[in-house]
Amino acid sequence: MNSKLVLKGICLSLLAFGMRSSSDAQTQRPAKKPAYQTAQEKAMRNPAENENLFKRNLNKMMPLGIISPGEFEESQAVAISWSFDYDINGNPSGMDLTSVYADVSAQLANAIQQECTVWIKVLKNSDTTLVKNNMVTRGMPLTNYKFIVNNGDDWWTRDYGPMAFYSKNLDSIGFVDMKYYAGRDFDNLFPSQLAAAMGYENYETSLNAEGGNLMADGFGRLFYSDVIPSINAEVGVHTSPWSTQQTNDTLLKLFNTPNLTNLVSLKCDGGTGHIDLYVKLIDEQSLIVAQYPSEITANDKKIIEDNYQYLSTLKSTYNRPFRIIRVEHPTDDNGLHTTKSCAQLNNDARNFINGLTVNGSFIFPSYYDGFTGNAAQHRRIMAFYKQTFPGYKIVPIDSRDLSPLGGAIHCITMQIPVENPIRFWHPSVDGIVPALNNYHIIAKIDNKSGIKEASCYWVKNNASAWNKSNLTDSSGYWIGDIANANLQGSDSLYYYLEAKSNNNKTSYKPLNAMKGGYYQMKLKYATGIETNTIESKNHLFTAWPNPAAESVTIAFKLVRTENVKVVIRDINGKVVHTQDMPQSAEGLHQYELNTSQFTTGLYLYQLLLDEVPLMSKKLIIQNN
């Protein structure tokens, strides 16, 4: 079933903790712009400008067959904007070197430069010296960096920055440049400026969207929220409002992603509705998804659970369900979930999801500085991420002053993929496996120069010597076997792939295998992360539209074939409609109900499986 339709209507020592000083010199900057588009900025929209942008780029068409890489793939650089100071009119006036936001900029730059080049946007040439001296003062001198000097509005680089892509043959990189918020015109120019500095082509589009609301798996699937089609359908954005189909067609054309996955946006996330605030791909087959505790009463909890259940029906590029791991929600500083309502969450949109994956590091938003905050939860989430990202350096940055602005670490960073990549398509043989003597390995490995050789290295338990299995090229796939594995009892087997290109590059799968990020297979688990991986289950989704007038769509998910009945009851419990759906197959289903004959009021719709009630939800019908 087309995923675009299913959820229609349903992104020094203190450094280890993320420095947060209590000195009077370190203050918030009241003029700092939020991650979301303000009402004043929406009023500045100019549809004629978008139309001119469209016409101006008619002769510069996107190349065909591009590849939109995943953020978890190898990066050559990460772009950030250093935090600004502002004048009394709210315009950037210089570099902020003392606030908590400056602390975040410094910690980010330092963590990134240990993995790749950090590109830092500053306002004028003299700012480069200020930033370099400031980093030296902090004990984090810049060593792997480049500056880009241009005017700017704020630091939400993920949202205004370019979405990079590879050409079909992996021999060049280009940028997709989407229309950013009206009123932040300097930031909207950043992709073209970075493209010029790096020597890449920049392809402007009149699509209104932000990078934090787009997530690619690297193999043709694009996740996004309903905010994108909604914004492009609003009056005043384009000369003629776009239909959902037009928006979807544009996304497909820009990113070459035939599998479009439209998720319902959160309503209490600080204002953006971006998916990167509660869901993240950690590789092409695995997702982390936020899980709200019982204390939270905001409707976002139901939206996340609906989206989670929907995601659990999708299959990765390997034609098997995505692996989904749930991540707990941050507490308040007092260790309790006292931020419960929609209004409270909007004022402090904390999450542990909005992090940056860059080569061998995962930099994530923390809410603890070594002194204040929930120390127990911090230790727990650090252990969780070390287990979820084996071999990665886990870097927390205190984001308690970012979350009230509607964003965090991911929102202020943008990866640029590496040139000359070696890309692996490999259905991993890991997790719980059957007891076999041999385990077959298959991979499709690509590089612009071709692949010279590929190997699989593996070891059992704590053995010091790694075994090598040469992979052979068979009709475009590299194949081989982990032979004579002989797994027994609680044995573990670890493996990784190595590939060498004809232009003498060597890469690994997993990317950070040389740092301990191996695939692991076992006959059974003792304890561990598998307890965080939730099994798929039957689910009844929130009906849409709700309130409904002439019709309503009721969607549900089955994990196996079931005899289904949908029952509608009025407020008094009287059955007013029944629909039998015998032998409904595993997967997603939609039932369209004509509600024009129903009287206005509150109803309950219920899903029964073999006459056993599963779930009930409220439905409001409003007929004239």
Side-chain angles (χ1 to χ4, degrees), residues 11 28-57 79-96 101 121-124 148-163 175-194 202 204-214 225 227-242 247 265 269-274 276-277 346 349 402 404-407 411-414:
C11 89
Q28 293 184 355
R29 296 294 191 252
K32 200 156 194 65
K33 295 177 175 61
Y36 59 86
Q37 187 174 28
T38 66
Q40 182 180 12
E41 290 167 341
K42 290 181 179 180
M44 299 170 67
R45 289 170 173 169
N46 185 349
E49 178 185 339
N50 258 359
E51 183 69 17
N52 291 335
L53 182 63
F54 172 75
K55 292 178 179 178
R56 190 165 69 242
N57 289 281
I80 67 171
S81 174
W82 194 273
S83 179
F84 301 147
D85 271 333
Y86 300 85
D87 61 24
I88 59 174
N89 297 314
N91 299 313
S93 59
M95 292 295 98
D96 164 20
Y101 305 121
K121 184 174 80 170
V122 295
L123 297 173
K124 50 186 182 291
I148 182 165
V149 181
N150 282 109
N151 288 325
D153 298 297
D154 219 292
W155 69 345
W156 303 106
T157 316
R158 175 70 51 178
D159 292 338
Y160 61 71
M163 297 285 289
F175 289 168
V176 175
D177 181 358
M178 299 171 293
K179 181 70 173 65
Y180 189 48
Y181 300 155
R184 303 192 194 183
D185 298 336
F186 290 129
D187 286 347
N188 193 43
L189 295 174
F190 180 72
S192 61
Q193 296 161 348
L194 185 61
N202 186 61
E204 292 180 284
T205 169
S206 54
L207 174 74
N208 279 236
E210 300 84 53
N213 210 9
L214 295 163
S225 89
V227 166
I228 294 179
S230 295
I231 286 179
N232 286 277
E234 290 180 6
V235 174
V237 174
H238 303 280
T239 51
S240 297
W242 285 13
T247 299
S265 58
D269 62 356
T272 64
H274 290 177
D276 66 349
L277 297 172
N346 259 329
L402 277 71
L405 296 172
C411 300
I412 57 176
T413 57
M414 178 58 85

Heavy atoms only: give me the nearest S81-Y160 pair and the separation to one decimal. CB-OH, 3.6 Å
Mind checking the CG-NE2 spacing from L207 to H238? Nearest 0.5 Å is all I need. 6.5 Å
I'd like to know if E41 pairs up with K33 as an ion pair, taking the criterion as any Lys NZ or Arg NE/NH1/NH2 lying under 4.0 Å from an Asp or Glu carboxylate oxygen. no
Picking from M414, E210, M163, what satisfies side chain to side chain contact (heavy atoms under 4.5 Å, CB included) with R158? M414
Going by heavy atoms in the side chains, are T157 and T413 under 4.5 Å from each other? no
Answer yes or no: is there a side-chain heavy-atom contact under 4.5 Å between T205 and K179? no
Between N150 (side chain only) and F190 (backbone N and O only), is there a donor and an acceptor less than 3.5 Å apart? no
With no hydrogens and no angle check, do the side chains of D96 and S83 hold a donor and an acceptor under 3.5 Å apart? yes
How about K121 and W82: do any of their side-chain heavy atoms sit closer than 4.5 Å? no
Exam field: side chain N208 to backbone S206, donor-acceptor pair closer than 3.5 Å: yes
Are side-chain N/O atoms of D159 and Y36 paired as donor and acceptor at under 3.5 Å? no
Are W156 and L405 close enough that some pair of their side-chain heavy atoms sits under 4.5 Å apart? yes
For G152 versus P92, what's the shortest heavy-atom pair and its separation? O-CG, 3.1 Å
Any side-chain heavy atom of P162 within less than 4.5 Å of one from D177? no
Is the closest side-chain heavy-atom distance between I80 and I412 below 4.5 Å? no
Centres of the Y101 and W155 rings: under 6.0 Å? yes
Identify the two heavy atoms, one from G407 and one from C411, that lie closest to each other, and give their separation to 0.1 Å. CA-SG, 3.6 Å
Looking only at heavy atoms, the pair that brings G183 and D153 closest together is O-OD1, 4.2 Å
Can you name the closest pair of heavy atoms from S265 and G273 and give their distance? CB-O, 3.6 Å
What I want to check is whether the side chains of D85 and S93 have a donor and an acceptor closer together than 3.5 Å. no
Strictly distance-based, threshold 3.5 Å: is any side-chain N or O of Y180 a donor or acceptor partner for the main-chain N or O of F186? no
Using the rule side chain to side chain contact (heavy atoms under 4.5 Å, CB included), only one of T247, I231, I228 pairs with W242; which is it? T247
Give me the atom names and distance for the closest heavy-atom approach of N213 to S225. ND2-OG, 3.0 Å
Close side-chain approach of M44 and D185, heavy atoms under 4.5 Å: no
Is the shortest side-chain heavy-atom distance between V227 and T272 below 4.5 Å? no
